[in-house]
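Just below is one structure, and these are the notes that go with it.
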Amino acid sequence: MRTAVTYEDGQIFQHFGRTEQFKIYDVEEGRVVSSQVAGTNGSGHGALAGILTALNVDTLICGGIGGGAQAALSAAGIRLYGGVSGGADEAVEALLKGALAYDADVHCDHHEHHGEGHTCSDHGCGGH
């Protein structure tokens, strides 16, 4: 299994489409055997599913995520665990133990409700 987490300063970045980094975890026999941080090279929203596919990721943990990105991940065969906050490493460990708290209906409507200058990380769109 190869799991990616939207990543910033050790935490789960709360807006999938604007993440600048993913932390990638290689998992074998139920434990993390290696990890690395990969940049998105300024890509956003729809292009991020392609980056994850190129990195051979099959599972994503993130905060808020819009419907278009969810559809792109689904089409790529990437399992989504959205609406998650906190430490990236801790979230992956919780996933491996079957104890990850996530929102199966997570949705970030940032294009519809955010005012000028607002970012999802201000309040964590994963809570919508």
Notebook entry, point to check: Short question: side chain of Gln70, backbone of Val106 - any donor-acceptor pair under 3.5 Å?
Noted result: yes
Check: Within the side chain of Gln14, is there an N or O that forms a donor-acceptor pair under 3.5 Å with the backbone of Ile12?
Finding: yes
Margin query: Return the CZ to OG1 distance between Arg18 and Thr6, rounded to the nearest 0.5 Å.
Written below: 13.5 Å
Item checked: Heavy-atom donor-acceptor pair, Thr53 side chain to Ala49 backbone, under 3.5 Å -> yes
Notebook entry, point to check: Where the side chain of Glu8 meets the backbone of Glu20, is there a donor-acceptor pair that is under 3.5 Å apart?
Noted result: no
Item checked: Side-chain (Asp103) to main-chain (Asp105) donor-acceptor, under 3.5 angstrom -> yes
Next item on the list: Run the numbers on Leu60 and Phe16 for side chain to side chain contact (heavy atoms under 4.5 Å, CB included), then give the verdict.
Entry: CA-CA 10 Å; Leu60 172 70; Phe16 172 79; 3.5 Å; yes
Margin query: Using 0.5 Å steps for rounding, measure from the CG atom of Leu96 to the CZ atom of Arg31.
Written below: 11.0 Å
Checklist line | Contacts of Asp89 that satisfy side chain to side chain donor-acceptor pair (under 3.5 Å) - sequence neighbours left out | finding: Lys23, Tyr25
Item checked: Residues that Thr59 engages under side chain to side chain donor-acceptor pair (under 3.5 Å), provided they are two or more places apart -> Arg79
Margin query: For the CG atom of Leu100 and the CD atom of Glu93, what is their distance to the nearest 0.5 Å?
Written below: 11.5 Å
Check: Do Tyr7 and Leu73 belong to the same hydrophobic cluster, where Ile, Leu, Val, Met, Phe, Trp and Tyr are linked whenever their side-chain heavy atoms lie under 4.5 Å apart, directly or via other members?
Finding: no
Checklist line | Tyr102 and Leu95, any side-chain heavy atoms less than 4.5 Å apart | finding: no
Check: Roughly how far, to the nearest 0.5 Å, is the SG atom of Cys62 from the CG atom of Leu80?
Finding: 5.0 Å
Check: Counting only heavy atoms not in Gln36, do more than 12 fall under 6.0 Å of its CD?
Finding: yes
Next item on the list: Give a yes or no on whether the backbone of Leu48 and the side-chain of Thr40 come within a donor-acceptor separation of less than 3.5 Å.
Entry: no
Check: Got Arg2 and Ile24 here, is their nearest side-chain heavy-atom distance under 4.5 Å?
Finding: yes
